[in-house]
Amino acid sequence: MKVDIEALGSFSRTAHDGAERAAENLTGLTGIETTADVTAVTLAREDSLVREDRDRIGVVVDFDGEISGATVLSFPPQGVETVLGALLPGDGLDESAVQEVGNIVTSGFVDAWADRLSTTLDITPPTYVEGTDADILEAASFESDRAFVFRSRLSAVGEALDFEFYMFPDNDSMTRMLSDGSGDGSVPLAKLSTLQEMAQSGAATAADSVSAMTGIDTSVDISELRFAPIESIPAELSDRRHVGVVLGFGEGPDGYVLILFDESSARAVVDALAPDAAATDSFDEMAESAIREIGNVMTSSFVDGWANVLDTTIAISTPQFVDDMGRAVADSVVARLGQRQAFAFLFDATIRADDRAFDCEIYAIPEETQLEATLDDIDPDATAERSTRAGSL
């Protein structure tokens, strides 16, 4: 299967339009102002879709026509209580009401695809599911060999709503749609999968670097490859405070790497590397140096595997220390890349500790034209041997 990048971008826009219609339908139904925060296309991997063992309530709706597959509207129990409280005050959980909410929200999403394809799509009656993320995926007949998943996040102003919407198109539909372009900019799906595997291995090596330098046992909790409008990337990061570094990388897939710790994790890193650093609300020069050092080593670990596969050297820039809200950190990177491209492939990995609260996120955003050139050079059968070549600053 070949993926036409321009067509993928067009369908990403369609998915976001569908998410906005779904949010409008939910607003009209409940009176709760709802918005579509993020819509992205991901390569289908069950381990990235099942974020954690969460209690969720879902509604599954199949669709058929020019494009076929399944949709899932998933939300936490408290989100259901909020919605049903607006619809049926005092009635408690009503499965039929949840199904109707799912049906109305899904129809908005599917209608956007029908309009885009100038056709009619049939949908099945909604199915109510209660359980974990894995239970809901099983009810949607999720298959790990599906090529892509369209995923959106819906949220409400001033309400405890955190809805996730998934569209799982079948492979025949995606193959047909993504082959409709001119063929320019098309890449084999196997090469994108290789990129994903390289990022996964690079993230694992970066986690090993954290463990070796700090004595904190860490591992990769989540790793995925997403394709999204460049302007939506800041919304991927939470509004909480992040401390870390931003680095540029080049001579290969040019772009940026963000290594971001939550505040308490950054403190743990500083305590391990620079125990004499001042313990204040801000990070002193010694603490900043420690964060730059570990960010430099982690980034080198992350991109060295790419260099090995491509048989080249990928240079990285001097780390820029950042201490700000997540979206503000990403805004500066997006502003630079957004001058040259409308969409971006985003590598996203989360590193957590085995025995304590520890959170580090790695985001790699390659520049689009260089990434396409890099994909031409990738051998899907290649394996990468990763080694850390960075030294102390």
Side-chain angles (χ1 to χ4, degrees), residues 15 18-19 22-23 26 34 36-63 69-84 93 95 97-99 101-103 105-106 109-110 124 126-156 159-171 196 199-200 203 219-228 235-238 346-354 357-359 361-362:
L26 188 58
T34 311
D37 289 339
V38 177
T39 298
V41 188
T42 69
L43 285 179
R45 284 168 54 107
E46 186 172 5
D47 57 352
S48 66
L49 297 178
V50 180
R51 293 297 180 112
E52 53 191 73
D53 192 22
R54 306 178 298 180
D55 290 329
R56 305 290 285 184
I57 292 175
V59 178
V60 178
V61 177
D62 294 335
F63 58 94
T71 64
V72 172
L73 178 65
S74 168
F75 26 44
Q78 61 268 31
V80 176
E81 293 173 4
T82 300
V83 170
L84 294 186
L93 179 63
E95 291 187 11
V98 174
Q99 288 175 313
V101 170
N103 192 53
V105 171
T106 300
F109 191 88
V110 171
T124 63
T127 301
Y128 176 91
V129 185
E130 190 171 343
T132 63
D133 285 320
D135 294 329
I136 293 174
L137 286 179
E138 183 179 356
S141 300
F142 172 78
E143 300 171 4
S144 59
D145 62 349
R146 288 183 186 271
F148 292 101
V149 175
F150 293 87
R151 186 177 68 201
S152 302
R153 189 176 69 222
L154 309 180
S155 63
E159 296 287 351
L161 288 180
D162 179 20
F163 288 8
E164 296 173 357
F165 192 90
Y166 299 88
M167 174 184 174
F168 304 103
D170 63 40
N171 282 344
Q196 186 179 44
Q200 170 74 26
S219 58
V220 179
D221 183 43
I222 302 166
S223 179
E224 62 183 359
L225 170 62
R226 283 176 278 170
F227 181 78
E236 298 277 353
L237 279 71
S238 70
L346 173 69
F347 301 94
D348 175 8
T350 299
I351 295 173
R352 302 197 195 278
D354 298 334
F358 185 93
D359 190 1
E361 297 172 75
I362 303 175

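Treat the numbers as computed from the prediction; the structure is a model and nothing was measured.
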(message) Which residues pass the side chain to side chain donor-acceptor pair (under 3.5 Å) test with D135, not counting sequence neighbours?
(response) T132
(message) A36: which residues meet the side chain to side chain contact (heavy atoms under 4.5 Å, CB included) condition with it, sequence neighbours left out?
(response) H16, A19, E20, L154
(request) Please tell me if the side chains of Y128 and I57 come closer than 4.5 Å, counting only heavy atoms from C-beta onward. (result) yes
(request) Identify the two heavy atoms, one from D133 and one from S74, that lie closest to each other, and give their separation to 0.1 Å. (result) OD1-OG, 4.3 Å
(request) Give the minimum heavy-atom separation between A70 and F63, together with the two atoms involved. (result) N-CE2, 3.2 Å
(message) Suppose we screen for salt bridge (charged side-chain N to carboxylate O under 4.0 Å, His left out). Which residues come up paired with D359, at least two apart in sequence or across chains?
(response) R240, R352
(request) Mind checking side chain to side chain contact (heavy atoms under 4.5 Å, CB included) for S219 and listing every partner two or more places apart, or none if nothing turns up? (result) D354
(request) Measure from the side-chain N and O atoms of T124 to the backbone N and O of D62, and report whether any donor-acceptor pair falls under 3.5 Å. (result) yes
(message) Which heavy atom of Q196 sits nearest to which heavy atom of E224, and what is that distance?
(response) NE2-CA, 4.2 Å
(message) Can you tell me how far apart OG1 (T106) and CE (M167) are? Round to the nearest 0.5 Å.
(response) 11.0 Å
(message) Please find the pair of heavy atoms, one from A203 and one from A349, that lie closest to each other, and give the distance.
(response) CB-CB, 3.6 Å
(request) Measure across F150 and A15 and return the closest heavy-atom pair with its distance rounded to 0.1 Å. (result) CD2-CB, 3.5 Å
(message) With heavy-atom distances below 4.5 Å as the criterion, would you say the side chains of V59 and V101 are in contact?
(response) no
(request) Measure the spacing between OG1 of T39 and CZ of R226 and express it to the nearest 0.5 Å. (result) 11.5 Å
(message) With side-chain contact (heavy atoms from CB on, under 4.5 Å) as the test, pick out the partner of V129 among L137, V72, V60.
(response) V60
(request) Considering non-hydrogen atoms only, spot the tightest contact between Q99 and P126 and give its length. (result) NE2-O, 3.2 Å
(message) Could you tell me if the side chain of F148 sits less than 4.5 Å from the side chain of L43, heavy atoms only?
(response) yes
(message) Which residues pass the side chain to side chain donor-acceptor pair (under 3.5 Å) test with R153, not counting sequence neighbours?
(response) none
(request) Using the test ring pair (Phe, Tyr, Trp, His ring centres under 6.0 Å), find all partners of F75 that sit at least two apart in sequence or belong to another chain. (result) F163
(message) Using the rule side-chain contact (heavy atoms from CB on, under 4.5 Å), only one of V61, V105, N103 pairs with L73; which is it?
(response) V105
(request) Report yes if the side chains of E164 and S152 come closer than 4.5 Å at any heavy-atom pair, otherwise no. (result) no
(request) Using side chain to side chain donor-acceptor pair (under 3.5 Å) as the criterion, list what pairs up with T71, not counting sequence neighbours. (result) none
